[in-house]
Amino acid sequence: MAMTLVSTVTVGSGGAASIEFTGIAGTGKDLLFLFSGRDNSGGATNDLLLTVNGATTGYADRNLAGNGSTALSLSSNSAGVRAWQGGNGGASTSNTFSNYQAYISNYASSVAKSISVDSVEENNSSTAVQQIVAGSYSGTSAITSIKIQSSGANLVQYSTASLYIIS
Amino acid sequence: MPTPTYDLIASNVLGTSAASITFSSISSSYRDLVLVARMFGSTPDVAREMRLRVNSDTGSNYSSVSMNGDGSSATSATSTISYGQLGTADTTKPILSILQFLDYSATDKHKPILLRANRPEVITGYTTTGADAKAIRWANTAAIDTILLYPSSGNIEAGSSFYLYGIVS
Amino acid sequence: MSFILLGILNSQVTASAAGAYDLLQTTVLTSSASSVTFSSIPSDYKHLQIRAVIRGNDVNYGAAYLRIRTNGDTSSSYAFHSLYGDGSSVTSNGFSSQSYLMNFIYPEDGATANMFSPIVLDVLDYASTNKNTTFKMFAGGQVSGNERSALYSGLWNNTSAVNSLLFYPAGGSFKTGSRFSLYGIKG
């Protein structure tokens with residue numbers, strides 16, 4: 001079977017600034033990263049940042065997003081591939097966590113990397129954020145680590161990430 | 001009883017350029033196919049469109065509706081032409097296309113295909129692909145047994161990668 | 001003195017040998033049906049994925065709406081939002097306190113022959129009793145006048161583990177050949 005679980009990490013009662021998988025074996029073809037998360041920010045939503053290999057530069061992204069009333073498109077060259085307002089913040093409907101997927105093809109190659117992100121954040125209101133993100137990382141080393149974090153906030157208990165190698 | 005699935009059917013990483021990539025004699029024993037293609041074009045700073053055909057069909061049998069974000073505008077389009085449009089790339093700015101072929105071997109349906117295409121980099125002078133989601137319909141009830149990927153001109157360059165997976169149901 | 005965990009590392013990770021993606025249930029309609037239900041969903045997976053192709057049974061109409069409910073809940077416990085392109089523009093909308101999810105347009109039997117619409121629905125951490133359930137769904141189709149390339153999100157505002165999923169049309173029935181498959185993803 002081509003899809004195998006690497007690991008799942010769940011945030012404990014103290015919260016965490018991020019979830020990171022390191023030491024990723026280079027034996028596969030693609031990576032699938034699934035994230036169900038919430039943070040302790042004061043707003044209903046917050047940006048999510050995905051980084052690889054500990055790098056904070058070399059990223060680019062463009063998205064298509066909707067917030068419940070307006071469709072928009074943004075670009076950034078952030079310190080990671082950004083899912084704009086993609087995470088549930090502390091002011092969103094209680095017990096509600098985002099549904100986020102990142103897909104990286106040919107992750108162990110010696111070329112720059114393409115990262116496809118699909119992310120939704122829900123709320124029991126007319127406002128919630130759905131988006132598709134085209135991301136890239138210019139580094140040419142194999143990806144051996146991947147991390148997700150909320151912008152300026154901590155992930156709360158029960159946030160969870162699962163990493164899969166597809167080979 | 002759960003059935004493990006998600007099988008690698010074929011893979012190809014180009015060591016040299018190729019005019020096209022073909023997956024042929026695709027087994028009908030799966031329900032869905034997932035094709036992950038990351039493609040580089042052959043001309044620097046010129047956007048080459050990557051295209052899809054199935055079963056060697058060159059007729060205007062590929063209908064699509066898309067939504068796209070290029071970094072500044074959200075747009076939508078439809079088309080009915082002789083190929084599926086997967087996005088554009090040049091020699092250093094690849095297009096990552098993830099295609100879901102559902103019920104690809106059913107002979108009582110036209111073939112629905114969901115596409116996510118990604119290229120955040122700008123190719124100067126060309127419309128940026130950005131983030132794209134597209135629903136394609138191949139208007140034919142024949143089982144898909146061949147998938148062809150090819151560029152609008154030039155070649156698909158070395159470093160491009162292609163992985164075809166099958167999912168049973 | 002208080003401590004904030006700076007991050008969680010999962011080091012030296014290698015993939016397990018066993019596959020992580022299992023087919024759990026599948027329904028291919030051999031006659032029309034007013035709904036399709038996945039019940040007794042086991043709780044020992046981490047995530048779920050539903051893959052389906054859908055067409056309606058009524059020749060008098062061109063389009064129908066797909067709706068989804070969880071655990072037989074018919075109360076106003078759902079919210080859903082959509083981002084979709086219709087061929088001319090991209091729309092974003094949302095609905096709260098609803099009695100169902102999604103409202104996705106798919107072809108009825110009055111639409112172009114042999115046209116079915118696909119959906120891929122992801123449900124993360126579905127068995128957690130500490131979370132409401134958040135759904136993400138890609139879908140699309142070329143029903144004339146209702147063309148769609150869409151990303152939906154949905155909320156079931158209840159922290160119970162998901163043990164059943166109901167798919168039903170707003171009116172009418174699903175046509176023979178419609179297919180719904182449920183997969184479990186280990187975690």
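Just so it is clear, the values below take in all heavy atoms, side chains as well, and ignore hydrogens, waters and symmetry mates. Convention: sequence-line order gives letters A, B, ...; per-chain numbering from 1.
The contact between B:Tyr165 and chain A is made entirely by side chain atoms (from C-beta outward), counting heavy-atom distances below 4.5 Å. For a residue to count as touching a neighbouring chain, one of its non-hydrogen atoms must lie under 4.5 Å from one of that chain's; by this rule B:Ser11 touches chain A with the side chain only. Contacts between B:Arg119 and chain A at a heavy-atom distance below 4.5 Å involve the backbone alone (N, CA, C, O). Contacts between A:Asn63 and chain B at a heavy-atom distance below 4.5 Å involve the backbone alone (N, CA, C, O). Of the two parts of A:Ser76, neither the backbone nor the side chain holds a non-hydrogen atom closer than 4.5 Å to a non-hydrogen atom of chain B. With a 4.5 angstrom heavy-atom cutoff, A:Ile132 touches chain B via backbone and side-chain atoms both. For B:Ile98, the part lying under 4.5 angstrom from a heavy atom of chain A is the side chain only.
Rounding to the nearest 0.5 Å gives a distance of 12.0 Å between OG of A:Ser116 and CZ of B:Arg38. To the nearest 0.5 Å, atom OG of residue A:Ser114 and atom CD of residue B:Glu121 are 6.5 Å apart. If you take CG on A:Leu64 and OG on B:Ser73, they are separated by 10.5 Å, rounding to the nearest 0.5 Å. Atom CG of B:Asn118 and atom OG of A:Ser136 lie 10.0 Å apart (nearest 0.5 Å). Taking CE from A:Met3 and CG from B:Leu8, the interatomic distance works out to 12.0 Å, rounded to the nearest 0.5 Å.
Between chain A and the options B:Ser161, B:Ala117, B:Pro120, B:Gly69, heavy-atom pairs under 4.5 Å are most frequent for B:Pro120. Of the listed residues (A:Leu72, A:Ile115, A:Asp30, A:Asp61), the greatest number of heavy-atom pairs within a distance under 4.5 Å of chain B belongs to A:Asp30. Taking A:Ser75, A:Ser109, A:Ser110 one by one and counting their heavy-atom pairs under 4.5 Å with chain B, the maximum is reached by A:Ser75.
Smallest separation of non-hydrogen atoms from B:Val36 and A:Ser105: CG1-OG, 3.3 Å. For the pair B:Val13 and A:Asn106, the tightest heavy-atom approach, listed with the atom from each and the gap, is CG1-ND2, 4.4 Å. Counting all heavy atoms, side chain and backbone alike, A:Ile166 lies closest to B:Tyr6 at CG2-CE2, 4.1 Å. For the residue pair A:Ala134 and B:Ala131, the shortest heavy atom distance occurs at N-CB, 3.7 Å. In terms of heavy atoms, B:Arg116 sits closest to A:Asp118 at NE-OD1, 2.6 Å. Shown here for B:Asp70 and A:Arg62, the closest heavy-atom pair between the two residues is O-NH1, 3.0 Å.
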